[in-house]
Peer 1: 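Quick one: the structure is below, and I'll ask about it shortly.
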There are 2 protein chains.
Amino acid sequence: MENVIVKFKDFLKSHNFLWSKEREIITEQVIDNDYHFTADDLFIQLNQKGKNISRATVYRTLDLLEKSHFVSRIQMQSGKHLYEHIFGHEHHDHLICQECGKIIEFQCEGIEELQKKVALENNFRMTGHCLKIYGICSDCQKKKETKNESEREGE
Amino acid sequence: MENVIVKFKDFLKSHNFLWSKEREIITEQVIDNDYHFTADDLFIQLNQKGKNISRATVYRTLDLLEKSHFVSRIQMQSGKHLYEHIFGHEHHDHLICQECGKIIEFQCEGIEELQKKVALENNFRMTGHCLKIYGICSDCQKKKETKNESEREGE
DNA sequence: TATAAGATTGAGACACAATCACAACTAAAA
DNA sequence: TTTTAGTTGTGATTGTGTCTCAATCTTATA
Ligand SMILES: [Mn+2]
Ligand SMILES: [Mn+2]
Ligand SMILES: [Zn+2]
Ligand SMILES: [Zn+2]
């Protein structure tokens with residue numbers, strides 16, 4: 001993933017931003033996170049490694065990583081933002097379990113195409129989208145079933 | 001829309017919540033808003049009408065209206081929540097202009113069906129979803145064009 | 001290398017939506 | 001009327017995320 005560092009450097013240079021030790025450390029930590037994380041997760045991870053980088057710099061760098069499309073940001077219902085790096089990842093959307101919080105990723109070419117169609121029909125120049133499907137994952141469905149069974153027995 | 005009041009009353013009763021003057025006033029004000037609004041918009045509207053209901057009660061009642069499916073809540077990128085009543089409205093999703101903030105509603109049966117398919121494939125019991133398409137509306141596209149033209153002339 | 005211009009950083013203050021605790025109040029049932 | 005449990009307003013509090021600004025760093029240029 002050295003490649004990513006190089007590309008991010010290029011992005012910064014071409015937009016008159018500078019490279020810095022802090023941005024390097026943060027980017028490396030982002031690469032280490034193979035799943036969804038919050039800005040504060042990252043801040044704490046860095047702290048635990050003895051890297052004393054301020055919250056503000058973490059937020060600022062995540063903004064830059066988002067603008068350069070190395071990271072994507074998802075708004076959760078709770079109001080929190082989750083980030084995920086998208087180096088080598090293909091675009092995907094999310095199923096979110098309202099019981100346990102689990103996030104399942106999926107890709108659906110049909111939905112992607114229909115979105116483009118909708119945008120076109122509305123003379124809308126689409127730059128991005130966000131699709132979240134809420135519900136209950138299979139594990140939590142099972143848990144609920146067994147819970148209901150044992151309750152019935154208990155009566 | 002008296003009907004809505006009755007149904008909301010029924011919902012409350014069947015869940016051991018009580019009816020109150022405040023809940024009635026808030027629900028009426030929600031009905032009056034035919035478009036997207038924030039909890040604070042509603043609070044201010046009520047205040048201007050001389051109805052001194054606290055913010056906390058506005059938030060609490062909107063929660064109940066959401067739980068009873070009379071209102072839906074949309075999380076915006078800014079972090080704010082928008083509400084809209086869905087009495088008589090059919091389900092729809094949103095195109096959001098990142099230039100002017102305009103929100104365009106759309107319905108796409110194909111997307112709805114594909115989401116059900118995705119959920120099924122993942123043994124996921126879908127309870128809802130949220131699709132936002134971001135981009136630039138046709139008005140703002142035009143504005144940008146004319147701006148670019150005049151800039152070219154000026155040079 | 002020295003200098004200058006401009007970008008970045010850290011610390012903590014700040015903004016803001018939303019939630020909470022709790023005492024006073026109110027609705028509903030008996 | 002009494003009892004019980006739900007509701008309300010107030011104001012404090014939380015939790016993300018942003019902002020300010022002096023000190024520091026990066027880069028380009030001489
Ligand atoms: Mn993901
Ligand atoms: Mn809408
Ligand atoms: Zn689950
Ligand atoms: Zn627009």
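Letters go in sequence order (proteins before strands), and every chain restarts at 1.
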Peer 1: Want to settle it: does H81(B) or N52(A) sit nearer the 5' end of DNA chain C, counting the closest nucleotide to each?
Peer 2: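 Counting from the 5' end, the first nearest nucleotide belongs to N52(A).
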Peer 1: Checking side chain to side chain donor-acceptor pair (under 3.5 Å) against E105(B), which of H91(B), H36(B), H89(B) comes through?
Peer 2: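 Output: one option passes, namely H36(B).
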Peer 1: Rounded to the Å, how far apart are F8(B) CZ and dT7(D) C1'?
Peer 2: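 In whole Å, dT7(D) C1' lies 13 Å from F8(B) CZ.
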Peer 1: Mind telling me whether F11(A) and F8(A) have parallel, tilted or perpendicular rings, with 30° and 60° as the class edges?
Peer 2: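 Parallel.
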Peer 1: Please give, in whole Å, the distance from dG10(C) P to N47(A) CG?
Peer 2: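 Nearest whole value for this atom pair: 11 Å.
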Peer 1: Let me confirm one number: the CD1-CD1 distance from I103(B) to I74(B), rounded to the nearest 0.5 Å.
Peer 2: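 Answer rounded to 0.5 Å: 6.0 Å.
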Peer 1: What about R60(B), does its side chain sit under 3.5 Å from the base of dG9(D) through a donor-acceptor pair?
Peer 2: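 A donor-acceptor contact between them is present.
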Peer 1: Mind calculating the distance between CG (D41(B)) and P (dA18(C)) to the nearest angstrom?
Peer 2: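 These atoms are roughly 11 Å apart.
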Peer 1: Could you please spell out the steps behind the salt bridge (charged side-chain N to carboxylate O under 4.0 Å, His left out) verdict for K117(A) and E121(A)?
Peer 2: CA-CA 6 Å; K117(A) 186 168 153 263; E121(A) 284 168 0; 3.6 Å; yes
Peer 1: For D40(A), report the nucleic acid contact type (base, sugar-phosphate, nothing); a contact means any heavy atom under 4.0 Å.
Peer 2: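 If one applies the 4.0 Å heavy-atom cut-off, D40(A) turns out to touch nothing in the nucleic acid.
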Peer 1: Rounded to whole angstrom units, what separation is found between the CZ atom of R55(B) and the P atom of dT7(D)?
Peer 2: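 Nearest whole value for this atom pair: 22 Å.
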Peer 1: Any Lys/Arg nitrogen of K144(B) or D139(B) sitting under 4.0 Å from an Asp/Glu carboxylate oxygen of the other?
Peer 2: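 So K144(B) does not pair with D139(B) through a salt bridge.
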Peer 1: Going by heavy atoms closer than 4.0 Å, what residues in residues 10-22 of chain B are next to DNA chain D?
Peer 2: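 Heavy-atom contacts with DNA chain D come from N16(B), F17(B), L18(B), S20(B), E22(B).
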Peer 1: T57(B) side chain: which of dT8(D), dG12(C), dT9(C) is closest?
Peer 2: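 The nucleotide sitting nearest to the side chain is dT8(D).
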Peer 1: Of T38(B) and R23(A), whose nearest nucleotide on DNA chain C comes first from the 5' end?
Peer 2: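 Its nearest nucleotide lies further toward 5', so the answer is R23(A).
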Peer 1: Which listed nucleotide (dT19(C), dG10(C), dG9(D)) is nearest to the side chain of Y59(B)?
Peer 2: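 Output: dT19(C).
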Peer 1: If I take atom CG in residue L64(A) and atom C1' in nucleotide dT8(C), what distance separates them, rounded to the nearest angstrom?
Peer 2: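 Going from L64(A) (CG) to dT8(C) (C1'), I get 11 Å.
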Peer 1: Is the number of heavy atoms from other residues, nucleotides or ligands under 6.0 Å of K51(A) NZ greater than 12?
Peer 2: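 Open.
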Peer 1: Rounded to whole Å, please give me the gap between CD in Q75(A) and C1' in dA18(C).
Peer 2: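 Atom CD in Q75(A) sits about 14 Å away from atom C1' in dA18(C).
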Peer 1: Whole angstrom is fine here: how far is it from CD in E24(A) over to P in dT26(D)?
Peer 2: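 Those two atoms, CD and P, are 11 Å apart.
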Peer 1: Measure the distance from CG on L62(A) to P on dT16(D) and round it to the nearest whole Å.
Peer 2: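 After rounding, the gap between these two atoms is 15 Å.
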Peer 1: Test of understanding: clusters of I, L, V, M, F, W, Y form through side-chain heavy atoms closer than 4.5 Å, transitively. Do L82(B) and I26(B) belong to the same one?
Peer 2: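 Per the 4.5 Å side-chain linkage, L82(B) and I26(B) are not co-clustered.
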